[in-house]
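What you see below is based on every heavy atom in this structure, not just the backbone, and it leaves out hydrogens, waters and symmetry mates. Residue numbering restarts at 1 for every chain, and letters A, B, ... go by the order of the sequence lines.
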2 protein chains.
Amino acid sequence: MFSKSCEYGLRAVIFIAQQSLLDTKVSLTTISEAIDSPQAFTAKILQQLTRNNIVSSIKGPHGGFYIEMEAMKTLNLSAVVKVLDGDDIYTGCGLGLKQCNEDKPCPLHFKFVDIREKLKYMLENTTLIMLANDMELDVFHLKT
Amino acid sequence: MFSKSCEYGLRAVIFIAQQSLLDTKVSLTTISEAIDSPQAFTAKILQQLTRNNIVSSIKGPHGGFYIEMEAMKTLNLSAVVKVLDGDDIYTGCGLGLKQCNEDKPCPLHFKFVDIREKLKYMLENTTLIMLANDMELDVFHLKT
DNA sequence: ATTATAAAGGACAATAATATCTTTTATTAA
DNA sequence: TTAATAAAAGATATTATTGTCCTTTATAAT
């Protein structure tokens, strides 16, 4: 479904969002331990996410990563996925055809339509703050 | 969604199925031209599919690839995907966690459940003969 | 000012996926 | 039985993804 980068990225974002709800900035080390991901690789992913204004960061002592409250309310999973995997998951053809649409469909086109729509709807309607709140319930986990 | 191998494989299978409906065996060259895929790479994929009894093949002059009528009625897209991409698409966690289930779910687990179910249903309930028949309508294409 | 901390950035390494090339085996027809 | 055809198999090459390491920049505290 998603690339490794995107999987780590989503897990990192959810963890950071949860912590930001408590006004806590988190370091790279803390993040990669919390989501059980390779640290240096996670750093690269976080760089992409900060460049694209998904997460914010501050250097130096007491620095770390966090997400603005305003951003948490606005941003959804779709925004994160788009930064890390592009929007192929929405627009791409299931059989890998460059041109595949209602007028010139692949044999699976219409069979994929509502699955893709459902996925799109879910990703676009799940905001980061919703996930951060869910995490407070202590029933969801982000590692192993 | 699927790997390149799986995309090529699905397109090849659909093309072979369509031709088998007309009792025509097709050569590797014909297939890779029909679905616009790299020939040698497609050969490797077809080897996997023959080893796993999705397609049949005969060597030598007038040889080629085909699918038994019985197999076309029995086999579905899920069988093809399983051979080429494994069953990660059904069982795998959206966030890449090794353990993710109802009891110990990732934050997206329940949001993914019905999308995954829909996909699974579609792949399991689309037989090769259905696709072969669809192709006769001349509205679906397999390249570009 | 100096030191410690932590992210950013650049260069490099390992692995997996994609793709090609060559040889071998099976089958058919002349 | 020889030549031609076509898939199977093995070896190798290329590219993308995943992953690590080292240096630089920014910030805070002493």
Side-chain angles (χ1 to χ4, degrees), chain A residues 1-13 15-16 19-20 24-67 81 83-86 88 92 95-96, chain B residues 1-13 15-16 19-20 24-67 81 83-86 88-89 95-96:
Chain A
M1 177 109 275
F2 304 124
S3 69
K4 280 272 163 210
S5 295
C6 194
E7 288 175 355
Y8 294 146
L10 287 167
R11 275 148 65 187
V13 161
F15 176 70
I16 298 168
Q19 296 301 307
S20 290
T24 308
K25 285 195 287 292
V26 280
S27 73
L28 172 62
T29 305
T30 307
I31 294 169
S32 63
E33 274 167 9
I35 68 173
D36 190 34
S37 67
Q39 180 161 331
F41 189 46
T42 306
K44 292 296 172 195
I45 296 163
L46 288 169
Q47 278 178 35
Q48 288 187 70
L49 292 171
T50 49
R51 276 194 225 109
N52 287 275
N53 305 306
I54 306 284
V55 308
S56 306
S57 67
I58 293 180
K59 290 183 184 179
H62 305 130
F65 297 92
Y66 64 101
I67 303 179
V81 172
V83 167
L84 299 172
D85 276 1
D88 205 70
L95 297 185
Chain B
M1 176 109 277
F2 303 123
S3 70
K4 281 270 166 212
S5 295
C6 194
E7 289 175 355
Y8 295 146
L10 287 168
R11 275 148 66 188
V13 162
F15 176 69
I16 298 169
Q19 296 302 307
S20 291
T24 307
K25 284 194 288 291
V26 280
S27 73
L28 171 62
T29 305
T30 307
I31 294 169
S32 64
E33 275 167 8
I35 68 173
D36 191 35
S37 67
Q39 180 161 331
F41 190 47
T42 307
K44 289 299 173 196
I45 296 163
L46 288 169
Q47 278 177 36
Q48 288 187 70
L49 293 171
T50 48
R51 275 194 226 106
N52 287 275
N53 306 307
I54 306 284
V55 307
S56 306
S57 68
I58 293 181
K59 289 183 184 178
H62 305 127
F65 296 92
Y66 64 100
I67 303 179
V81 172
V83 167
L84 298 171
D85 276 0
D88 206 69
I89 206 162
L95 296 185

Between [N] ([atom2]) and [X] ([atom1]): distance, integer Å:
X     : N      : atom1 : atom2 : answer
B/Q39 : C/dC21 : CD    : P     : 10 Å
A/I45 : D/dT17 : CD1   : C1'   : 11 Å
B/Q48 : C/dT18 : CD    : P     : 11 Å
B/L28 : C/dT22 : CG    : P     : 16 Å
A/F2  : D/dT18 : CZ    : P     : 13 Å
B/L49 : D/dA9  : CG    : P     : 13 Å
A/F65 : D/dA26 : CZ    : C1'   : 13 Å
A/F41 : D/dC22 : CZ    : C1'   : 18 Å

Report yes if the side chains of [X] and [Y] come closer than 4.5 Å at any heavy-atom pair, otherwise no.
X     : Y     : value
A/Y66 : A/I58 : yes
A/I35 : A/I31 : yes
B/K4  : B/Y8  : yes
A/L46 : A/I16 : yes
B/F65 : B/S27 : no

Distance criterion of 3.5 Å, no angle test: do you see the side chain of B/Q47 paired donor-to-acceptor with the base of D/dA7?
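In this structure, the two groups form no donor-acceptor pair.
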Side chains of A/S37 and A/T42: donor-acceptor distance under 3.5 Å anywhere?
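Result is yes, a qualifying pair exists.
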Map B/G64 and A/Y8 onto DNA chain D by nearest heavy atom, then report which one ends up closer to the 5' terminus.
B/G64
Identify which nucleotide among [options] has an atom closest to any side-chain atom of [X], counting heavy atoms from C-beta outward.
X     : options                : answer
A/S5  : D/dA11, C/dA19, D/dT18 : D/dT18
B/T50 : D/dA7, D/dA8, C/dA11   : D/dA8
A/K44 : C/dA19, C/dG10, C/dT20 : C/dG10

Answer with base, sugar-phosphate or nothing: what part of the nucleic acid does B/L46 contact at a heavy-atom distance below 4.0 Å?
nothing
Under a 4.0 Å heavy-atom cut-off, which of residues 52-63 of chain A touch DNA chain D?
A/K59, A/G60, A/P61, A/H62
Set out, in order, the CA-CA distance, both residues' side-chain angles and the distance that settles side-chain contact (heavy atoms from CB on, under 4.5 Å) for A/H62 and A/K25, then state yes or no.
CA-CA 8 Å; A/H62 305 130; A/K25 285 195 287 292; 5.5 Å; no
Within the structure, does a side-chain N or O atom of A/R51 lie under 4.0 Å from either OP1 or OP2 of C/dG9?
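Affirmative; the distance criterion is met.
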